[in-house]
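Have a look at the structure below, then the notes.
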Amino acid sequence: MILITFVSIYKNCAIRGFLLKISIITTSYNYGQYISETIESVIAQTYQDWEMIIVDDGSSDNSVSLIQSYCQKDSRIKLFSHENHVNKGLKETLRLGLKQAQNDWIVFLESDDSITPDYLEKKVAVIKKHPAVKFIINDVNLIGDDSAKQRLNKHFKIINKVLKNKHQPLDLSYCLMKRNYIVTFSTVMLNKGVLENVDFNSPVPPLIDYYLWAQIANKYRFYYLDEKLTNWRIHSDSYIKNARGIDAKSYLAFNLNKTRFICKGKNNLLYWYYCLYYRWNSIRKLILKIHLKEKSLCVLGKWYQW
């Protein structure tokens, strides 16, 4: 009885932030020109109870030596890599990072991005105030390529307007049907338990984040901080650039997977009609028409004929 009471008190304190420990997971691949800035932004945090798990995915530049130099200076920074230092892609690199993480609260930080000094402090404050919250996101500050930033400004204004005007915590299941409102891994802090039973096998690997959030949105509400706590770097070598040129069948598989997670129990015929003519952009409309003509359907990654 005494032991149970002690465990209960310990967990309550942890939730309130007194004992809140955070694992920051950074996947690294040939971003030696940016990784130092990323690590320095973590070291500069006003909230200092963290570990930084950096997983290198077979980099061929100077990334590893740079990371090792930081590991020698600060024991909270730890470097891991796949066996024989091979490149396994983002999915397996994320999984390795989560496996090595020692804490229940996870922050994702991409190796070409950085966070403001009060990033962790602001999010811990949210958890103290809202103990039931398991997933926190924030606004971003765009840095890097000026022309790309100009193209994205409209997109970000829409996202910010929608999120800041919704009741907290947010139900994003409907929003994610239209676009990815969680623009980068580097805005996400979540409880590790949220990722239990989540499928990492995205049919479109560069869009794995969208695939994960769509699943999680079906079970959890999110909290949005209307503050630019993440510096999201836009550049020509960004991983998301690989999403261009996706073949139609894979892209459709992704979208049908996403919709299946979000729309359980809805009338399928009416819902598809609604998406086709009112909610999906022109590219998705075209793909869906072709797919229906072929009389095949993808549900949870499996293809069916009717």
Shortest non-hydrogen separation from [X] to [Y] and the atoms involved:
{"X": "Ser65", "Y": "Asn62", "answer": "OG-O, 2.9 Å"}
{"X": "His155", "Y": "Val183", "answer": "NE2-CG1, 4.3 Å"}
{"X": "Pro117", "Y": "Gln45", "answer": "O-OE1, 3.1 Å"}
{"X": "Gln102", "Y": "Glu51", "answer": "N-OE2, 2.7 Å"}
{"X": "Ser28", "Y": "Ile54", "answer": "CB-CG2, 4.0 Å"}

Answer yes or no: does atom NZ of Lys129 have more than 12 heavy-atom neighbours from other residues, nucleotides or ligands under 6.0 Å?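 Counting neighbours around NZ of Lys129, 12 or fewer heavy atoms of other residues, nucleotides or ligands fall under 6.0 Å, so no.
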Test item: Ile137 and Tyr181 side chains (from C-beta on) under 4.5 Å apart, heavy atoms: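 A side-chain contact under 4.5 Å is absent here.
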Side chains of Met189 and Ile22: does their closest heavy-atom pair fall under 4.5 Å?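 Side-chain contact under 4.5 Å: yes.
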Using the side-chain contact (heavy atoms from CB on, under 4.5 Å) definition, which of the options Asp61, Thr26, Asp112 pairs with Ile35?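 Of the listed options, the one satisfying the test is Thr26.
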Can you check side chain to side chain contact (heavy atoms under 4.5 Å, CB included) on Asp57 and Thr27, steps first, answer last? CA-CA 7 Å; Asp57 190 24; Thr27 60; over 6 Å; no
Before giving the answer on side chain to side chain contact (heavy atoms under 4.5 Å, CB included), spell out for Leu190 and Phe108 the whole-Å C-alpha distance, their side-chain angles and the decisive distance to 0.1 Å. CA-CA 9 Å; Leu190 53 74; Phe108 292 112; 4.1 Å; yes
Under 3.5 Å, is there a donor-acceptor pair linking the side chains of [X] and [Y]?
{"X": "Asp199", "Y": "Tyr211", "answer": "yes"}
{"X": "Asp113", "Y": "Thr230", "answer": "no"}
{"X": "Ser81", "Y": "Asp56", "answer": "no"}

Quick check: is Tyr220 connected to Phe200 through a chain of hydrophobic side chains (ILVMFWY, heavy atoms under 4.5 Å apart)?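 Yes, because Phe200 and Tyr220 connect within a single hydrophobic cluster, where side-chain heavy atoms sit under 4.5 Å apart.
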Are Leu90 and Tyr29 in one and the same hydrophobic cluster, where Ile, Leu, Val, Met, Phe, Trp and Tyr link if side-chain heavy atoms are under 4.5 Å apart?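 Leu90 does not cluster with Tyr29.
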Candidate list Asn160, Thr187, Asn141, Asp139, test side chain to side chain donor-acceptor pair (under 3.5 Å), partner Lys228, passing option: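 With Lys228 as partner, Asn160, Thr187, Asn141, Asp139 yield a single side chain to side chain donor-acceptor pair (under 3.5 Å), made by Asp139.
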Starting from the C-alpha separation in whole Å, work towards a yes-or-no answer on side-chain hydrogen bond (donor to acceptor under 3.5 Å, both in side chains) for Thr46 and Asp118. CA-CA 6 Å; Thr46 54; Asp118 56 352; over 6 Å; no
For this output row, return yes or no: ring centroids of Trp50 and Tyr119 closer than 6.0 angstrom.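 Ring-ring flag for Trp50/Tyr119: false, centres at least 6.0 Å apart.
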Measuring from atom CG of Asn231 to atom CD of Glu37, what distance do you get when rounded to the nearest 0.5 angstrom?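 Interatomic distance, Asn231 CG to Glu37 CD, rounded to 0.5 Å: 7.5 Å.
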Taking the six-membered ring for Trp, are Trp213 and Phe185 parallel (under 30°), tilted (30 to 60°) or perpendicular (over 60°)?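 Perpendicular.
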